[in-house]
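In this chain, numbering begins with 1 at the start of the sequence shown.
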Amino acid sequence: MKKVLITLLCLSISTVALKAQDKKTATTATGSAASSGTVPVPVGAPPQAAPTTPPVDPKAGKFKFDEETHDFGNVPEGPLAEYDFEFKNVGKKPITISDAHGSCGCTVPTWPHEPILPKHSAKIHVAYTTNGRQGMINKDVIINSDAQQNPMRLHITGNVTPKPAEAKPATPATTPPPAPAPGK
């Protein structure tokens, strides 16, 4: 009987402590929100909508790529798989690319560092390291710029086939020594 009473007592103390902690957390959240200048949100209220992104400048530069996905098809393991994504700025302002990076270290883009003026073309060169990477290619290149499409995502696909087995030099066939003549 004592064990039951002790267990009930512990449960009730835990429940009271948890309720006090919840109340303290709600008060702290409300207090800190008030000091930061934001409107306090009552505990249990539905979440508010995320802040909207700033509107895009309709005159900003705009990428128009010949293709945004390139399929290398089957490529042999070893040499780099390379492709130039060509684009034109069809916006009204120049495009300045601040950064371009691959989704992993095996995908390396090179991009123009000077602004691309409206109605002018340029290219983003992408090199994929195939050495030691047999199998499917499915990588992205993310371009950060001041264009309307920011970030801009390009995609490469394909399949890296294994290196052909190296042919081993043929060993000269050895002929067994002649058998001794019978009777000698």
Exercise. Only counting residues at least two apart or in another chain, list the ones meeting salt bridge (Lys or Arg N to Asp or Glu O under 4.0 Å) with Asp84.
Key: Lys123
Quiz item: What's in the same ILVMFWY side-chain cluster as Ile97, cut-off under 4.5 Å, chained through other members?
Solution: Phe63, Phe65, Phe72, Val75, Tyr83, Phe85, Phe87, Ile95, Trp111, Ile116, Ile124, Val126, Tyr128, Ile137, Val141, Ile143, Met152, Leu154, Ile156, Val160
Quiz item: Do you know which two heavy atoms are closest between Pro109 and Gly102, and how far apart they sit?
Solution: CD-N, 3.8 Å
Quiz prompt | Residues which pass salt bridge (Lys or Arg N to Asp or Glu O under 4.0 Å) with Asp66, listed by chain and number, not counting sequence neighbours | solution = none
Exercise. Taking all heavy atoms of Gly61 and all of Gln149, pick out the closest pair and write down the distance.
Key: O-OE1, 4.4 Å
Practice problem: State, yes or no, whether a side-chain contact exists between Glu77 and Asn131 at a heavy-atom distance under 4.5 Å. | Solution: yes
Quiz item: Is the shortest heavy-atom distance from the side chain of His155 to the side chain of Asn138 under 4.5 Å?
Solution: yes
Quiz item: Quick one: does Asn150's side chain have a donor or acceptor within less than 3.5 Å of a partner on Ser145's backbone?
Solution: yes
Quiz item: Which residue pairs pass the disulfide (SG to SG under 2.5 Å) test with at least one member in residues 87-135, sequence neighbours excluded?
Solution: Cys104-Cys106
Exercise. Please report the closest heavy-atom contact between Met136 and Asn159, naming both atoms and the distance.
Key: N-OD1, 3.7 Å
Quiz item: So do the side chains of His125 and Glu82 get within less than 4.5 Å of each other, counting heavy atoms only?
Solution: yes
Quiz prompt | Closest approach of Asn144 to Pro151 (non-hydrogen atoms, all atoms of both residues) | solution = OD1-CB, 3.5 Å
Quiz item: Do Thr130 and Leu80 touch side chain to side chain, with heavy atoms closer than 4.5 Å?
Solution: no
Quiz item: Would you say Arg133 has more than 12 foreign heavy atoms packed within less than 6.0 Å of its CZ?
Solution: yes
Exercise. Keeping to residues at least two apart or across chains, list the side-chain hydrogen bond (donor to acceptor under 3.5 Å, both in side chains) pairs with something in residues 87-98.
Key: Asp57-Lys93
Exercise. Go through the structure and list residues passing salt bridge (Lys or Arg N to Asp or Glu O under 4.0 Å) with Lys62, not counting sequence neighbours.
Key: none
